[in-house]
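Read the structure below first, then the notes.
Just the heavy atoms: all of them, side chains too, but no hydrogens, waters or symmetry mates, feed the values below.
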Amino acid sequence: MRRIILSTESGADLSKELVEKHQIQVVPMHVIMDGKDYLDGELSVEEVFDFYSRTKKIPSTTATNVHEYHELFTKIRVNFPDSIIIHIGYTSKASASFQSALIAAEDFEDLFLIDTLNVTGGLGAVVMYAATLLEDEPSISHVHLIEKIEAVVPKTKLAFIPGSLDFLRAGGRVSNVAYIGGSLLKIKPCIELKEGKLVSTRKYRGNMSIVAEKLMRDYLNQYDIDRKQLYLIYSIGLGESIKRRMDEIAKETGFENVTWMQAGAMISTHAGPGGFGIAGLES
């Protein structure tokens, strides 16, 4: 039986422990700061936030390129000869990464690509769904596995709230007028993935301890999330008391497992410090 290998981008924000446990192959995206191109993971989130504190500018981010995907797929072939590769990718609607993966894949056989139309915890949730299926059903065929992954893509729901509007303004994602109004009224936008695109769906008012709970309750009311697994996403700076409260709500609402995921440098460049998000798969 041929081995199935899963790959994805660093924008999935999977922990080192999960990557190593399931032997998921991760290719880095890019963060460009102060004129230097860093692979996502080379630069700490703290360095990104320090850069903003000094300059009031945020780094830029760029997609993984064709050459890097070619290297990734070649490395998998060398390390896992005769394997079947399933690449579970970052939304094609918000990055050129998936298109680059498609071009690189033309040189390989038994390589299949899936556009999750999602990012960070949403992308991570799909990857972990696939990894768990492989673990539970080691003899599953790649055809059946791909069918199952593609079936959960539209059922994957991600919502998050940036910790502040500062990084969104610095990146040109909100106007100065909206920034001033939002800051004065303590308004925070909720960002969701709709057909692969990042969309502001609602606004919350108050500090993050209030807003995070509102988001979680609204999310769980809106979506019938499978109670086996919930993913909670945070960027550095989110208070520990908020995390504890989110754990309590997850337990109260019947979730068997809760996995916290820290937003890496690439995602944090846009979300800023103290952000909170939630991801899961609908039943």
Side-chain angles (χ1 to χ4, degrees), residues 6-15 18-19 24-32 39-41 43 45 48 58-65 68-69 87-102 113-131 149-150 152-163 167-168 171-173 189-201 215 219 223 225 229-236 238 259-273 275-282:
L6 303 177
S7 64
T8 192
E9 286 86 14
S10 61
D13 286 331
L14 293 172
S15 69
L18 288 175
V19 167
I24 299 162
Q25 308 301 300
V26 180
V27 63
M29 300 175 89
H30 294 256
V31 178
I32 300 171
L39 295 178
D40 188 21
L43 194 65
V45 175
V48 171
I58 63 169
S60 59
T61 56
T62 58
T64 307
N65 62 46
E68 288 164 328
Y69 281 109
H87 180 75
I88 303 173
Y90 197 95
T91 176
S92 62
K93 303 297 177 67
S95 169
S97 281
F98 194 76
Q99 184 61 36
S100 294
L102 285 172
L113 294 92
I114 298 170
D115 183 354
T116 64
L117 300 174
N118 230 302
V119 303
T120 185
L123 170 55
V126 178
V127 176
M128 289 311 303
Y129 170 80
I149 297 169
E150 289 178 337
V152 301
V153 165
K155 296 180 178 180
T156 307
K157 306 301 177 183
L158 167 70
F160 70 91
I161 296 174
F167 276 53
L168 292 176
R173 288 172 173 77
C190 170
I191 311 295
E192 295 189 57
L193 269 288
K194 297 292 184 182
E195 298 179 350
K197 297 178 181 177
L198 295 157
V199 179
S200 178
T201 55
L215 170 65
Y219 175 93
Y223 302 117
I225 300 298
Q229 179 68 59
L230 186 69
Y231 294 93
L232 299 178
I233 307 110
Y234 74 98
S235 52
I236 289 174
L238 186 70
T259 301
W260 280 92
M261 305 172 73
Q262 181 189 313
M266 203 274 296
I267 298 294
S268 295
T269 289
H270 304 292
F276 171 71
I278 179 170
L281 308 178
E282 285 192 297

Given side chains that start at C-beta, do those of [X] and [Y] come closer than 4.5 Å, heavy atoms only?
{"X": "Met266", "Y": "Tyr90", "result": "yes"}
{"X": "Leu158", "Y": "Ile233", "result": "yes"}
{"X": "Ser97", "Y": "Tyr69", "result": "yes"}
{"X": "Met261", "Y": "Leu18", "result": "no"}
{"X": "Tyr231", "Y": "Thr120", "result": "no"}
{"X": "Ile267", "Y": "Ser235", "result": "no"}
{"X": "Tyr129", "Y": "Ile88", "result": "no"}

Check [X] against [Y] and note the closest heavy-atom contact, atom names and distance.
{"X": "Leu193", "Y": "Leu117", "result": "CD1-O, 3.7 Å"}
{"X": "Leu281", "Y": "Ala125", "result": "CD2-CB, 4.3 Å"}
{"X": "Gly277", "Y": "Phe160", "result": "CA-CB, 3.5 Å"}
{"X": "Asp40", "Y": "Gly264", "result": "OD1-C, 4.5 Å"}

Should Asn118 and Thr156 be marked as a side-chain hydrogen bond (donor to acceptor under 3.5 Å, both in side chains) after you check the CA-CA gap, both sets of side-chain angles, and the distance that decides it? CA-CA 8 Å; Asn118 230 302; Thr156 307; 5.1 Å; no

For [X], check side-chain contact (heavy atoms from CB on, under 4.5 Å) against everything at least two apart and list the hits.
{"X": "Ser200", "answer": "Pro189, Ile191"}
{"X": "Ala94", "answer": "Thr91"}
{"X": "Leu102", "answer": "Phe98, Gln99, Leu113"}

To the nearest 0.5 Å, what is the distance between CE on Met128 and CG on Leu123?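 Met128 atom CE to Leu123 atom CG measures 12.0 Å (nearest 0.5 Å).
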
Can you tell me how far the CG atom of Leu232 sits from the CG atom of Leu238, to the nearest 0.5 Å?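 Spacing of CG (Leu232) from CG (Leu238) equals 10.0 Å.
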
Got a sec, which residues hit ring-ring contact (aromatic ring centres under 6.0 Å, His included) with Tyr223, two or more places apart in sequence or on another chain?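 Counting only residues at least two positions away or on another chain, Tyr223 forms a ring-ring contact (aromatic ring centres under 6.0 Å, His included) with Tyr219.
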
Review item, side-chain donor-acceptor pairs of residues 24-31, under 3.5 Å, at least two apart:
unit_1, atom_1, unit_2, atom_2, d
Gln25, NE2, Gln23, O, 3.0
His30, ND1, Asp37, OD1, 2.8
His30, ND1, Asp37, OD2, 3.4
His30, NE2, Glu68, OE1, 2.9
His30, NE2, Glu68, OE2, 2.8

Run the side-chain hydrogen bond (donor to acceptor under 3.5 Å, both in side chains) test against Gln262 and tell me which residues pass, sequence neighbours left out.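 Result, side-chain hydrogen bond (donor to acceptor under 3.5 Å, both in side chains) vs Gln262: Tyr234.
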
